[in-house]
Student: 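Okay, here's the structure, questions in a sec.
In what follows, chains are A, B, ... by sequence order, proteins preceding strands, each numbered from 1.
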Number of protein chains: 4
Amino acid sequence: MTKKHIQIIEKAEELFATQGYEGTTVRNIADAAGVNLAMISYYFGSKEKLLEALFMERMNATKHRIEAVVNNQSLTPFQKIETLIDEYITRVEEKEAFYKIMLSEQVINKNTVVMKLLKELKLTYARLISSVIEEGQKQKVFRKDVDIVLMLTTMTGTVMLMLINKDYYREFNNQKKLPNPVFEEQLSARLREHVKTIFKAHLGYES
Amino acid sequence: MTKKHIQIIEKAEELFATQGYEGTTVRNIADAAGVNLAMISYYFGSKEKLLEALFMERMNATKHRIEAVVNNQSLTPFQKIETLIDEYITRVEEKEAFYKIMLSEQVINKNTVVMKLLKELKLTYARLISSVIEEGQKQKVFRKDVDIVLMLTTMTGTVMLMLINKDYYREFNNQKKLPNPVFEEQLSARLREHVKTIFKAHLGYES
Amino acid sequence: MTKKHIQIIEKAEELFATQGYEGTTVRNIADAAGVNLAMISYYFGSKEKLLEALFMERMNATKHRIEAVVNNQSLTPFQKIETLIDEYITRVEEKEAFYKIMLSEQVINKNTVVMKLLKELKLTYARLISSVIEEGQKQKVFRKDVDIVLMLTTMTGTVMLMLINKDYYREFNNQKKLPNPVFEEQLSARLREHVKTIFKAHLGYES
Amino acid sequence: MTKKHIQIIEKAEELFATQGYEGTTVRNIADAAGVNLAMISYYFGSKEKLLEALFMERMNATKHRIEAVVNNQSLTPFQKIETLIDEYITRVEEKEAFYKIMLSEQVINKNTVVMKLLKELKLTYARLISSVIEEGQKQKVFRKDVDIVLMLTTMTGTVMLMLINKDYYREFNNQKKLPNPVFEEQLSARLREHVKTIFKAHLGYES
DNA sequence: CATGAATGAGCGTTCATTCAT
DNA sequence: CATGAATGAACGCTCATTCAT
């Protein structure tokens with residue numbers, strides 16, 4: 001990964017998120033990254049491969065973070081769940097653009113390499129969470145009948161939809177005048193609490 | 001609305017959902033709808049206007065349904081909320097393609113006519129729900145501190161993400177062999193219950 | 001020639017003059033004339049044939065006017081020339097649009113029916129003028145060596161270029177504030193005198 | 001200006017002159033110039049911009065020629081006028097195609113960049129000529145009341161109309177059998193003499 | 001004669017990609 | 001590895017014309 005590789009990936013991420021994959025031209029990316037147009041094909045092979053590279057990069061980081069939490073022996077199942085929720089929301093906040101692309105790409109269910117990678121990640125993610133849930137069930141702190149995917153769907157769904165509806169949330173709640181960082185922080189806190197509350201109810205534990 | 005208008009809109013809906021708006025060509029739509037390429041411009045003016053027509057059509061229907069529920073004097077606030085959840089999920093199940101397009105378009109936050117319509121609809125929707133909530137609060141069956149948008153975000157988020165992750169839900173739960181209609185029905189029921197449970201907890205009422 | 005025929009021809013004339021033949025669409029004409037789009041093809045056969053009809057109409061009128069002057073036994077050759085100049089300029093002033101189209105069409109030297117008609121008219125015109133010149137030469141009031149086409153070229157060239165450069169003429173001579181009818185009248189008078197002076201010098205007669 | 005740029009401009013010039021701007025397709029030009037279709041947009045941005053480039057190129061050359069004559073201190077006003085007439089006719093003979101396009105474009109008085117450039121050039125041209133005339137008037141070799149634009153209109157009109165009526169001139173004068181170069185040379189000489197004679201009469205000088 | 005609906009052909013333009021240097 | 005020039009393919013759209021009614 002040279003410096004230019006990273007520059008290109010970052011600008012591509014930004015543009016794919018704001019204009020869509022199809023709506024972004026290789027020229028757009030080259031211009032934004034300040035590199036020669038032909039370089040993108042040379043470095044990554046194609047526009048599609050650039051998207052793959054971007055996904056690989058971001059998804060690997062995500063995977064490592066999750067594993068770190070799940071394998072952290074010093075945390076109780078309950079703590080792991082709460083940490084995972086926090087980690088997830090933090091990650092989305094840090095990489096908004098990437099998560100928008102991920103969402104878009106999932107809607108358009110093409111049979112691409114990216115989609116296969118994504119599907120694998122999702123299964124891996126669910127299995128890791130599953131192990132945490134089972135750990136909690138053994139310890140009798142979680143309910144028996146937990147629908148993991150449904151629960152994850154609610155988490156990702158809530159966070160994703162909030163991501164794309166942030167402005168509208170702000171408008172509806174008359175918080176347009178609030179400085180952006182303050183609004184973001186408040187929203188983040190509320191979102192975390194909201195998701196955690198849902199999880200608690202669903203898993204049956206009490207904080 | 002002639003027959004061909006409808007044909008074109010329906011095929012466009014399908015293709016926009018599966019390939020994205022940008023990923024779908026006017027030729028794709030013309031071929032799928034079995035009409036001449038020029039017809040689409042002839043009828044709708046442009047590809048963009050076709051999308052607008054599609055949104056107008058679908059959003060109007062949605063709006064009327066919601067209003068019917070909210071204005072139904074024979075329902076208690078609690079019943080209205082449950083009916084709205086059911087209506088929403090039913091609507092998404094009926095018009096999967098359209099809701100996928102809506103999701104995609106929201107990610108790419110362009111300043112188009114469609115986006116303006118959508119924003120208006122969302123605000124209208126929230127305001128109607130808001131009136132139901134207030135009604136319930138007056139009757140002291142709902143909590144005082146309810147975050148309407150957050151709640152709606154959870155509902156739409158869960159339903160939307162389930163829409164695009166259905167296959168993966170099935171795979172994770174080893175339900176690949178289940179006949180599709182059965183799976184769909186089970187999922188639908190579970191989803192409705194799940195969302196209603198979250199709402200109950202959030203609004204503070206007991207069924 | 002029904003009323004609608006004339007309406008169409010007149011609007012077509014206007015549009016062809018201001019937008020060019022290629023730049024004008026059949027729809028433009030139909031809209032401007034307030035008739036159904038398909039009627040133009042039905043009445044005239046095609047866009048090209050409409051242009052032909054327009055040319056036939058205008059050129060016939062022109063031919064009759066010229067013949068009337070040339071065959072007017074009560075005029076001297078000198079009077080005939082002066083009358084022809086006046087008639088020509090009057091005609092151009094009356095039918096500006098048509099003369100613009102004629103000019104445009106001559107530049108694009110396509111082998112169309114229109115062009116053949118136009119060439120014939122030009123030859124007929126030149127032959128009629130020629131007969132007047134010869135008449136004058138026999139009466140020894142005109143020079144022997146007269147280049148008829150060159151002379152006609154100067155007349156039509158001056159009048160045509162003035163037609164398309166009128167505004168610029170006005171601007172250069174600081175007559176922008178002059179009311180349009182006044183400007184037009186002055187210009188017309190000056191143009192007539194100018195062309196007549198050139199003819200006098202060329203033909204060798206004195207007024 | 002690369003070789004291909006020039007190739008494209010020259011072929012475009014030819015085609016615009018013979019088929020009109022609207023009547024010429026970008027594909028026509030690409031084929032004629034032996035370049036890829038996309039090259040034209042790649043080099044010039046658009047068909048319109050190609051026309052602009054063509055005008056810029058030709059008009060600059062024209063302007064420089066005129067200025068060289070007007071500023072030539074060794075020439076008397078009378079010589080300048082005669083030289084300008086010769087230069088103009090030579091230029092038109094050399095760049096027939098371009099002058100045809102210029103004429104066509106002026107008829108269709110669109111508000112394009114090209115038209116603005118052209119209007120400027122015409123004013124500049126008139127002002128330069130004007131300075132020569134004034135020079136001659138001070139030296140009392142030219143008349144006091146000279147209508148510069150009318151005079152220029154006659155010159156350009158005569159030359160332009162001769163340009164598009166050359167064949168017809170030949171036919172009327174029974175010179176069809178004359179070899180083309182001979183005809184062209186004779187016509188050129190006659191045209192020059194003709195225009196100069198008109199100017200002499202108008203300006204009042206004697207050669 | 002009159003017309004709304006329809007269409008094949010072709011328009012100018014843009015795209016991701018390639019390749020000689 | 002780096003790049004300006006180039007390109008085939010496809011894009012959305014408009015055109016004059018046709019035809020069933």
Side-chain angles (χ1 to χ4, degrees), chain A residues 2-5 8 12 21-30 34-51, chain B residues 2-5 7-8 12 21-30 33-51, chain C residues 2-5 8 12 21-30 34-51, chain D residues 2-5 7-8 12 21-30 33-51:
Chain A
T2 68
K3 203 182 155 191
K4 286 205 175 171
H5 270 91
I8 293 168
Y21 174 76
E22 300 278 359
T24 303
T25 70
V26 177
R27 254 195 174 76
N28 289 157
I29 301 167
V35 301
N36 182 278
L37 169 66
M39 273 193 52
I40 288 166
S41 291
Y42 264 77
Y43 275 160
F44 299 95
S46 69
K47 190 186 173 187
E48 177 87 32
K49 293 257 179 66
L50 167 59
L51 185 69
Chain B
T2 68
K3 204 182 154 191
K4 290 220 168 164
H5 268 93
Q7 259 176 28
I8 293 168
Y21 173 76
E22 299 276 1
T24 304
T25 72
V26 177
R27 276 167 182 83
N28 289 157
I29 301 167
V35 301
N36 183 280
L37 165 67
M39 280 270 57
I40 287 162
S41 295
Y42 178 70
Y43 275 150
F44 298 96
S46 67
K47 189 187 173 186
E48 176 91 29
K49 292 259 179 66
L50 167 57
L51 184 68
Chain C
T2 68
K3 203 183 155 190
K4 286 204 175 171
H5 270 90
I8 292 168
Y21 173 77
E22 299 279 359
T24 304
T25 70
V26 177
R27 255 195 174 76
N28 288 159
I29 301 167
V35 300
N36 183 278
L37 169 67
M39 272 192 53
I40 288 167
S41 291
Y42 264 78
Y43 274 160
F44 298 96
S46 69
K47 189 185 174 188
E48 177 87 31
K49 293 258 178 66
L50 167 58
L51 184 69
Chain D
T2 68
K3 203 182 154 192
K4 290 221 170 162
H5 267 93
Q7 259 176 28
I8 293 168
Y21 173 76
E22 299 276 359
T24 303
T25 72
V26 177
R27 277 167 182 82
N28 289 158
I29 301 167
V35 301
N36 183 279
L37 167 66
M39 281 270 58
I40 287 162
S41 294
Y42 178 70
Y43 275 152
F44 299 96
S46 67
K47 189 187 174 186
E48 176 92 30
K49 292 259 180 64
L50 167 58
L51 184 68

Student: A side-chain contact here means heavy atoms from C-beta on lying under 4.5 Å apart; do D/K47 and D/Y21 qualify?
Tutor: yes
Student: Check whether any side-chain heavy atom of C/H5 sits under 4.5 Å from a side-chain heavy atom of C/I8, and report yes or no.
Tutor: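 Contact flag for C/H5/C/I8 side chains = no.
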Student: Nearest-Å distance, NZ (B/K4) to P (E/dG4)?
Tutor: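 Result: 17 Å.
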Student: I need a per-nucleotide contact map over nucleotides 16-21 of chain E, read 5' to 3'. Cutoff is protein heavy atoms under 4.0 Å; write B for the base, S for backbone only, - otherwise.
Tutor: SBBBB-
Student: Tell me the interatomic distance from D/I29, atom CD1, to E/dT13, atom P, rounded to whole angstroms.
Tutor: 10 Å
Student: Which value, rounded to the nearest 0.5 Å, describes the distance between C/K4 atom NZ and C/M39 atom CE?
Tutor: 4.5 Å
Student: Is there a side-chain contact between D/L50 and D/V26, using heavy atoms and a 4.5 Å cut-off?
Tutor: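 Counting from C-beta outward, D/L50 and D/V26 never come under 4.5 Å.
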Student: Nearest-Å distance, CG (B/L50) to P (F/dC11)?
Tutor: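 So the two atoms are 16 Å apart, to the nearest Å.
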Student: State the dot-bracket string of DNA chain F. Criteria: Watson-Crick or G-U wobble, both atom distances under 3.5 angstrom; notation: ( ) intrastrand, [ ] crossing earlier pairs, | interstrand, . unpaired.
Tutor: .||||||||||||||||||||
Student: Once you round to the nearest 0.5 Å, how far does CD1 of A/I40 lie from OG of A/S46?
Tutor: 11.0 Å
Student: What's the CG-P distance between B/N36 and F/dC15, to the nearest Å?
Tutor: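 For the pair B/N36 CG and F/dC15 P, the rounded distance is 15 Å.
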Student: Does A/K49 make a cation-pi contact with A/Y43, if we ask for NZ or CZ under 6.0 Å from the ring centre and within 45° of the axis?
Tutor: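 Not flagged: A/K49 not positioned over aromatic ring of A/Y43.
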Student: Rounded to whole Å, how long is the line connecting atom NE2 of D/H5 with atom P of F/dG4?
Tutor: 15 Å
Student: In whole Å, I'd like the distance from the CD1 atom of B/I8 to the P atom of F/dC13.
Tutor: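 Checked: the CD1 to P distance equals 13 Å.
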Student: Nearest-Å distance, NZ (A/K3) to C1' (F/dA2)?
Tutor: 17 Å
Student: To the nearest Å, how far apart are A/I40 CD1 and F/dG4 C1'?
Tutor: 15 Å
Student: Quick one: list whatever passes side-chain hydrogen bond (donor to acceptor under 3.5 Å, both in side chains) with D/N28, sequence neighbours left out.
Tutor: D/T25
